[in-house]
A.B. asks: 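Before I ask anything, here is the structure I am working with.
Whatever order the structure lists ligands and atoms in, that order sets their numbers, starting from 1. The figures that follow rest on heavy atoms only: side chains count, while hydrogens, waters and symmetry mates do not.
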Amino acid sequence: MTQVGEPADVLTGVVPFPAEAAAAYRAAGYWTGEPLGTILDRWVATDPDRVAVVAGPQRITYGQLDRRATEFAAGLQTLGLRAGDRAVVQLPNLPDLLVTLIAMFRVGVLPVLALPAHRRNEIGYLCAHSQARAYVVVDAAPRFDYRELAAQVRAEHPTIEHVIVAGDPGGFRSIDEVVALGAGRQVVPPEQPVPVAFFLLSGGTTGLPKLIPRTHDDYRYQLRETAAAMGFDQSGVYLAALPAAHNAALGCPGVLGALLAGGRVVLAASPSPDEVGPLIAAERVTLTTLMPSFLTLWADLADLFDTDLSGLTIEVGGARLSPEDALSAERALGATVSRWFGMAEGVLSFTRADDPDDVRLGTEGRPMSPADEMMIVSVDTDQPLPSGETGALLVRGPCTLRGYYDAADYNARSFTTDGFLRTGDLARFTPAGHLVIAGRIKDIVNRAGEKVPVEEVEGFLVRHPAVADVAVVALPDHALGERTCAVVVPRGPAPTLPDLRTFLAAHDLADYKFPDQIVIVDALPRTSLGKPDKVTLTTQLATSPR
Ligand code: AMP
């Protein structure tokens, strides 16, 4: 395939890896040039009847998954979609999510992975920003019809030529129909393979999410390496309890890594213990991924797991987890916890099964790749700090992007001149070289692992007629890890929390961005630069009763 690192071959708006770094990653064997569209090939050739995916009553073999992906890929080409085209994909944990991704990887159409919670505000932006030609969406969820969303999005975004629906298509075209279009046709490999395979969304700070280009090379390396580190092979069973559109459940090793390794993927609709307990027991799940708030919930409800969990490893990360909570969860569940720090941007660090307990439960372990470079610098001066000190975490490596898609100004702030990503997190290394996340600089709320872009939410709330001024801050929360608090200076009679939530719903925002709490104040404290002083606000509010 085409090599990343040669600017002429990449999409406009994608920042390539520098040629020298790309050559080094190839020479070291990290990047192998194998595209993601072939992740099933080995198992289709050797054992096509092996079960690849379990979803409710469905048990789909490698052979069946491969055939449907091939037919869908050929169908997409019949519709006129070409390598390099973008498609916003918004599917919950359905087998057709995997079919869609593998099909698109094969023809070079680039999925932009939206979350099921996204609404017109986010989907509209993603369609416009990526200039997507297609939108692949599920028919409906309880209390929400995605086809209505699709109709609005298509009316507002003329680049969207094709809406393709998993399930009942309403007035659109179904995935089944596109599969039927492709049946019996050859998939034509892209003339000019595109190094980028798909886009993930950042939990970035300024406004709407940025698009993270992930390449075939870097993601395939991540799949291989994380599966190996977790001891996941053909005998492994991976449970997708989080949305698989999240990097954590998609590729660390997640659903794609499980397929590459020849294991079995079990798809769950949610991580709630009453849903996943029976699945873990029936399928003998060996690996799953959770955010800390769900680990705590599982531990609190350990009695609901009517099965021996000693063969289960739970990868936990995405938000802060105390060593005490990690230990008590292990004890309550009888499973093994592996902690990770990671970003959809690519960087990953995690504990290994043979780490001593204090490392395994009290740190985020070591970087995934020997080629990952992690630096701790002063927040004020950007200068490297002596080892052991806490500072801003900068990262560069074979899986970490060199620039967000089509975001030159943001990139100039988000990367150092020598290509290190400013993670926005505060961290330190233990004397033995294990990563400890100590806080963050970036202005987000990490709500049960979902990143709430504070600036965007403030931008909407300040338009509410009863709001004169507003600051959104994160407050500690037992269930969510952090909850979202809107501190409001009212204009006349004070608005209520339901007022604010209704207002955001009317503006079609994803509901994980809605505030959980409102606090009314006469004025916001200000820093010397005149910005809302969120440190003071957070300290005051975190200690006052709710
Ligand atoms: P995302 O963009 O959703 O992948 O989120 C990445 C961000 O999640 C990181 O930059 C951190 O702020 C946060 N995060 C991820 N893992 C951890 C962790 N183990 N502890 C604390 N925060 C984390």
A.B. asks: Checking ring-ring contact (aromatic ring centres under 6.0 Å, His included) against His129, which of Tyr405, Tyr404, Phe199 comes through?
C.D. replies: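 One option only clears the test, and that one is Tyr405.
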A.B. asks: If you draw a 6.0 Å radius around CZ in Arg501, do more than 12 non-hydrogen atoms from other residues or ligands fall strictly inside?
C.D. replies: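 Result for CZ/Arg501: enclosed.
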A.B. asks: Quick check on ligand 1: any N or O pairs to the protein under 3.5 Å? One line per pair.
C.D. replies:
unit_1	atom_1	unit_2	atom_2	d
ligand 1	2 (O)	Gly203	N	3.3
ligand 1	3 (O)	Lys451	NZ	3.1
ligand 1	4 (O)	Ala344	N	2.9
ligand 1	5 (O)	Lys451	NZ	3.1
ligand 1	8 (O)	Lys451	NZ	3.3
ligand 1	10 (O)	Asp425	OD2	2.5
ligand 1	10 (O)	Lys442	NZ	2.6
ligand 1	12 (O)	Asp425	OD1	2.6
ligand 1	12 (O)	Asp425	OD2	3.4
ligand 1	14 (N)	Gly318	O	3.3
ligand 1	16 (N)	Gly318	N	3.1
ligand 1	19 (N)	Trp340	O	2.9
ligand 1	19 (N)	Glu364	OE1	3.3
ligand 1	20 (N)	Ala319	O	3.3

A.B. asks: Can you tell me if CZ on Arg331 sees more than 12 non-hydrogen neighbours from other groups inside 6.0 Å?
C.D. replies: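 No, because the 6.0 Å sphere around CZ of Arg331 holds 12 heavy atoms or fewer from other groups.
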A.B. asks: If you measure only the distance, is there a donor-acceptor pair under 3.5 Å linking the side chains of Tyr512 and His118?
C.D. replies: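 Looking only at side-chain atoms, His118 and Tyr512 do form a donor-acceptor pair, the distance falling under 3.5 Å.
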A.B. asks: Which atom pairs, one a donor and one an acceptor, fall under 3.5 Å between side chains of residues 418-425 and the rest of the protein, sequence neighbours left out?
C.D. replies:
unit_1	atom_1	unit_2	atom_2	d
Asp418	OD1	Thr416	OG1	2.5
Arg422	NE	Arg413	O	3.4
Arg422	NH1	Asp382	OD1	2.9
Arg422	NH1	Asp382	OD2	3.1
Arg422	NH2	Asp382	OD2	2.9
Thr423	OG1	Leu393	O	2.8
Thr423	OG1	Asp425	N	3.0

A.B. asks: Is there a donor in the side chain of Asn247 and an acceptor in the side chain of Gln222, or the other way round, less than 3.5 Å apart?
C.D. replies: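 Yes, because at least one side-chain N or O of Asn247 sits under 3.5 Å from a partner of the opposite role on Gln222.
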